[in-house]
Amino acid sequence: MSSLDAQPAVEPSFNEGLSMTVDRALRHLDLPPGLAAQIKACDSVLQLHFPVWLDDGVYHIFRGWRATHSSHLLPAKGGIRYAVCVDQDEVEALAALMTYKCALVDVPFGGSKGGVRIEPGEHSERELEAITRRFARELVVRGYLSPGGNVPAPDMGTGAREMGWIADVYRTLHPEEINALACVTGKPVTSGGIPGRIEATGRGAQFAVRELFRRPEDMALAGLEGDLAGKRIVVQGLGNVGFHLARYLSEEDGARIVGVMTREGVVLDDRGIAVAELRDHLDRHGGVAGYPGGRTDVDADAFLATPCDLLIPAAIEGQIHRGNAASVQAKLVLEAANGPVTFGGDEILRQRGIPVLPDLYVNAGGVTVSYFEWIKNLSHIRFGRLDRRLDEGRGERIVRALEQMTGRSTDAALRAELMTGADELALVRSGLDDTMRQAYDEISETFHGNDAIDDYRTAAFVVALRKIANTYLDLGV
Ligand code: NAD
């Protein structure tokens with residue numbers, strides 16, 4: 001479908017829209033009959049009702065889901081979301097997206113996703129712990145949570161704390177399982193987690209933006225020039241993903257964050273917003289009131305129409321749609337959230353020549369570093385433990401040899417760099433950077449190498465689908 005006239009009259013659901021996006025990409029591949037349908041189908045969905053005593057003594061029934069979209073590679077991987085918007089369509093769409101995301105960035109996992117329909121802000125820590133532990137126990141006993149079968153991670157509304165509780169539930173139910181900690185990723189670093197996981201999604205998205213800015217042909221496509229310094233950026237969502245991304249882009253790359261929207265309100269400031277300060281203000285005061293440029297009278301449509309170089313939806317799905325895509329005034333849209341641009345919105349942006357770097361690429365940093373954490377848990381050793389000091393010794397000898405040959409002492413910064421062996425965080429960052437660059441290369445090659453493909457999203461899906469199809473064919477799954 002390439003014309004606005006051919007769009008369905010009603011905006012499809014998240015899952016239907018994703019399915020139509022996949023169909024569009026499948027037209028560029030020649031798969032054996034039936035394989036496309038198998039790749040697209042959701043393997044299974046577990047729907048649960050489970051009871052938890054709340055603090056006021058009331059026995060409350062919660063509703064949760066875990067979808068396994070694909071198990072052609074195991075474990076199936078994907079986050080657990082706590083939000084009131086969680087439903088089966090959303091969980092299935094997010095699980096499918098995980099399948100394509102993992103394939104795109106060469107993470108050898110299937111795709112899964114889970115969620116519980118709650119507003120986490122309305123529950124005490126004790127209640128959240130009870131809800132999480134009960135949900136985890138249900139998942140374990142029904143075969144939806146194990147190191148080799150299905151491995152959750154954080155998503156909206158959950159974080160390291162919840163992942164720690166989940167790991168503890170699994171360990172308690174499987175005390176002899178030596179790889180128990182690999183049943184979930186995004187755990188606290190002190191309990192089997194890995195440095196760099198919390199910020200991984202934002203960091204990965206930063207690497208994606210940096211890669212785009214290294215490519216003159218892609219910059220030209222978006223009408224962008226120069227480097228990231230001073231570029232006007234508008235971000236929706238200042239949670240795990242949006243906060244780290246906005247912070248890194250402004251503090252490390254010199255970009256100007258001119259607009260931020262969260263559930264609490266909007267901050268608009270052309271001089272640039274101090275992201276960490278704003279986050280701190282939101283945490284302390286629970287809203288934007290009192291923060292310079294803070295407003296509660298701007299709705300999402302008006303906010304998303306703020307003129308900027310990069311528009312970064314990093315909150316929830318369905319934000320840029322048929323009803324507001326025509327008023328977007330950005331040179332490029334970077335999908336840091338999952339599914340923030342609907343199928344209809346995507347068509348309009350494409351027609352308007354506004355490129356979209358898609359979610360399955362942009363936010364793949366989270367699952368990439370989760371993969372590193374899972375490997376660490378299975379190998380029972382931190383990365384760099386065997387070779388760090390060896391590298392430092394080698395660096396020291398290089399510095400000494402350089403100084404002997406030149407008769408001059410080495411520059412202090414270079415000396416320090418050569419004589420510092422990579423620690424685990426440095427290795428994680430390096431692996432993440434490599435992953436994001438490699439995936440960009442593959443998307444770019446498919447996009448620019450095929451005249452029939454006119455957007456990054458289709459190119460990314462073609463790359464992912466080709467890899468998934470090859471796995472099915474190679475393994476005879
Ligand atoms: P989070 O819960 O940490 O933060 C969500 C942010 O979005 C908050 O600032 C919240 O105020 C804001 N928000 C929520 N609803 C909003 C609305 N209607 N309008 C404006 N702002 C709103 O969530 P997160 O972990 O940062 O996830 C954000 C998105 O990124 C989700 O789509 C998630 O699936 C995706 N994602 C997250 C990860 C991860 O590692 N956490 C990885 C990949 C993708």
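Remember, it's 1-based here, ligands and their atoms both numbered in the order they're listed.
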Phe50 and His60: CA distance, side-chain angles, deciding distance, ring pair (Phe, Tyr, Trp, His ring centres under 6.0 Å) verdict:
CA-CA 8 Å; Phe50 58 96; His60 191 90; 9.7 Å; no
Take Glu317 and Thr342, measure what side-chain contact (heavy atoms from CB on, under 4.5 Å) needs, and give me the verdict at the end.
CA-CA 8 Å; Glu317 60 264 23; Thr342 65; over 6 Å; no
Go through the steps for Asp309 and Arg256 under the test salt bridge (Lys or Arg N to Asp or Glu O under 4.0 Å), then give the verdict.
CA-CA 10 Å; Asp309 292 299; Arg256 201 151 36 110; over 6 Å; no
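For the side chain to side chain donor-acceptor pair (under 3.5 Å) with Asp346, the qualifying choice from Arg322, His321, Arg24, Gln351 is Arg24, the only one to do so. Between Glu127 and the choices Ile118, Thr132, Leu54, the side chain to side chain contact (heavy atoms under 4.5 Å, CB included) rule is met once, by Leu54.
Under the 3.5 Å distance criterion, with hydrogens and angles disregarded, no donor-acceptor pair is assigned to the side chains of Thr201 and Asn240. Side chains of Ser19 and Lys40: a donor on one and an acceptor on the other come within 3.5 Å. Side-chain atoms of Asn377 and Lys187 form a donor-acceptor pair, as typed in the model, at a separation below 3.5 Å.
Annotation: atom 24 (P) of ligand 1 to nearest protein heavy atom, Val241 CG2, 4.0 Å. Atom 19 (N) of ligand 1 has its closest protein heavy atom at Gln236 NE2, 3.9 Å. Atom 23 (O) of ligand 1 has its closest protein heavy atom at Met156 CG, 3.1 Å. Ranking the protein heavy atoms by distance from atom 2 (O) of ligand 1 puts Gly157 N, 3.1 Å first. Nearest protein heavy-atom neighbour of atom 4 (O) of ligand 1: Gly239 CA, 3.2 Å. Ranking protein heavy atoms by distance to atom 33 (C) of ligand 1, first place goes to Asp155 OD1, 3.2 Å.
Heavy atoms of Ala314 come nearer than 4.0 angstrom to ligand 1 in at least one pair. Not a single heavy atom of Met98 sits closer than 4.0 Å to an atom of ligand 1. The shell of residues lying under 4.0 angstrom from ligand 1, judged by heavy atoms, includes Arg81.
Atoms of ligand 1 found under 4.0 Å from any heavy atom of Ala337 (numbered from 1 in listed order, with element): 29 (C), 30 (O), 32 (O). Which parts of ligand 1 touch Ala315 is read off a 4.0 Å heavy-atom cut-off, strictly below it: atoms 7 (O), 12 (C), 13 (N), 21 (N), 22 (C), 28 (C), 29 (C), 31 (C), 32 (O). When each atom of ligand 1 is checked for a heavy atom of Ala336 under 4.0 Å away, the hits are 30 (O). Close approach of ligand 1 to Arg197 is summarised as follows: ligand atoms under 4.0 Å from at least one heavy atom of the residue are 40 (O).
Here the side chains of Asn150 and Pro75 are not in contact, with every heavy-atom distance at 4.5 Å or above.
Nearest-residue assignment for atom 3 (O) of ligand 1 (options Asn338, Asn240, Leu97; heavy-atom criterion): Asn240. Selection from Thr201, Val235, Val369, Ile316 by nearest heavy atom to atom 38 (C) of ligand 1 gives Thr201. Evaluated by nearest non-hydrogen atom to atom 12 (C) of ligand 1, the leading choice among Ala153, Ser370, Gly186, Gly237 is Gly237.
For ligand 1, the polar-atom distance check finds no N/O of Asn363 at less than 3.5 Å from any of the ligand's N/O atoms. The distance criterion of under 3.5 Å between nitrogen or oxygen atoms is met by Leu238 with respect to ligand 1. Annotation: Lys101 places no N or O atom under 3.5 Å from an N or O atom of ligand 1; distance criterion only. Considering backbone and side-chain N/O atoms, Arg263 comes within less than 3.5 Å of an N/O atom of ligand 1. The shortest N/O to N/O separation between Gly242 and ligand 1 does not fall below 3.5 Å.
Ring pair Trp374/Phe109 is perpendicular by interplanar angle, where above 60° counts as perpendicular and below 30° as parallel.
Residues Tyr100 and His69 place their aromatic rings such that the two centres sit under 6.0 Å apart. No close placement of the Tyr361 and Tyr456 rings is indicated, their centers lying 6.0 Å or farther apart. The ring of Phe62 has its center no closer than 6.0 angstrom to the ring center of Phe135.
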